[in-house]
Amino acid sequence: SGGSYSAKTISVVAGNNYSYSIGQNGIPGVNSGNAYDSWFNSTATIISIGGYGGANATGGIADTTGNIGDIIYYGGNGGNGVYPNAGGGGGGAGNQSAGGSTSNGTGGIGGASDGGNGGSGAITYGNGAAGSIIGGGGGGAASDGGSRSGGFGARGQMRITYVVDT
């Protein structure tokens, strides 16, 4: 599935340190790839949920809950494979719309603007394609009993904008 998007206006204090985490590339998995979330200050302040990998022949299902923010968009669902091909990855959410879902081996379209497209699923026993930056889900692998790998999910991103009080 594609990764999500969150935006929020918060007050900060000059000179204070703030923690953050930016979701790394989703690592393909045997039954499901990991989701790596992005957050600022704490996971209770603002968080965008990362996308999940597929489970065997089925695409990763996008989270539709868990984000915290004033503006929220979720990533798209991955597609289901049809033997001997694998399902594509869901599109990552953008800062203006949700990521697109897919129902087959083609990757979902990334949300406007900045959402990454999902990677294509493998065709006839192969490795899945990586998702596009930002937040596109990796495509699934199609295995004939050999060692095949789904595509990596694309990394997250954080933008911090600020206004200085005068």
Side-chain angles (χ1 to χ4, degrees), residues 1-8 20-40 46-69 71-82 84-143 147-161:
S1 64
S4 63
Y5 172 87
S6 296
K8 185 174 183 178
Y20 66 92
S21 178
I22 300 172
Q24 64 184 8
N25 291 26
I27 299 170
V30 175
N31 290 321
S32 65
N34 295 330
Y36 296 101
D37 304 334
S38 297
W39 53 268
F40 180 80
I46 180 170
I47 187 170
S48 289
I49 304 298
Y52 292 94
N56 298 324
T58 60
I61 303 300
D63 275 323
T64 56
T65 62
N67 277 12
I68 296 174
I71 301 170
I72 294 172
Y73 298 111
Y74 288 95
N77 293 324
N80 293 325
V82 177
N85 302 325
N95 61 18
Q96 297 176 11
S97 68
S101 293
T102 184
S103 60
N104 56 37
T106 304
I109 301 297
S113 105
D114 291 338
N117 293 337
S120 296
I123 298 174
T124 315
Y125 309 128
N127 298 326
S132 298
I133 295 172
I134 303 166
S143 177
S147 178
R148 305 290 183 186
S149 176
F152 283 83
R155 65 165 171 78
Q157 177 173 297
M158 181 180 298
R159 290 186 187 156
I160 298 174
T161 57

Contact summary for [X] and [Y], nearest pair of heavy atoms:
X: M158; Y: W39; result: CE-O, 3.0 Å
X: G156; Y: S38; result: CA-OG, 4.3 Å
X: A122; Y: A142; result: CB-N, 3.6 Å
X: A62; Y: G75; result: CB-O, 3.0 Å
X: K8; Y: I68; result: NZ-CG2, 4.2 Å

What's the separation between atom [atom1] in [X] and atom [atom2] in [Y], rounded to the nearest 0.5 Å?
X: I72; Y: S48; atom1: CD1; atom2: OG; answer: 8.0 Å
X: S113; Y: N95; atom1: OG; atom2: CG; answer: 4.0 Å
X: S132; Y: I109; atom1: OG; atom2: CD1; answer: 9.5 Å
X: Y74; Y: T65; atom1: OH; atom2: OG1; answer: 5.5 Å
X: N80; Y: T102; atom1: CG; atom2: OG1; answer: 9.5 Å

Side-chain contact, heavy-atom cut-off 4.5 Å: S1 with I61?
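No. Closest side-chain heavy atoms not under 4.5 Å.
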
N67: which residues meet the side chain to side chain donor-acceptor pair (under 3.5 Å) condition with it, sequence neighbours left out?
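Here the qualifying residues are S4, S6.
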
Single hit among I49, I71, D114, I134 for side-chain contact (heavy atoms from CB on, under 4.5 Å) with Y5:
I71

Around atom CD1 of I123, are there more than 12 heavy atoms of other residues, nucleotides or ligands at under 6.0 Å?
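It does not: I123 CD1 has 12 such atoms or fewer within range.
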
Sequence neighbours excluded, every pair satisfying side-chain hydrogen bond (donor to acceptor under 3.5 Å, both in side chains) that has a member inside residues 149-158
none

Has the side chain of N127 got a donor or acceptor atom that lies under 3.5 Å from a matching backbone atom of A141?
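No, N127 side chain to A141 backbone: no donor-acceptor pair under 3.5 Å.
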
Strictly distance-based, threshold 3.5 Å: is any side-chain N or O of D37 a donor or acceptor partner for the main-chain N or O of G50?
yes

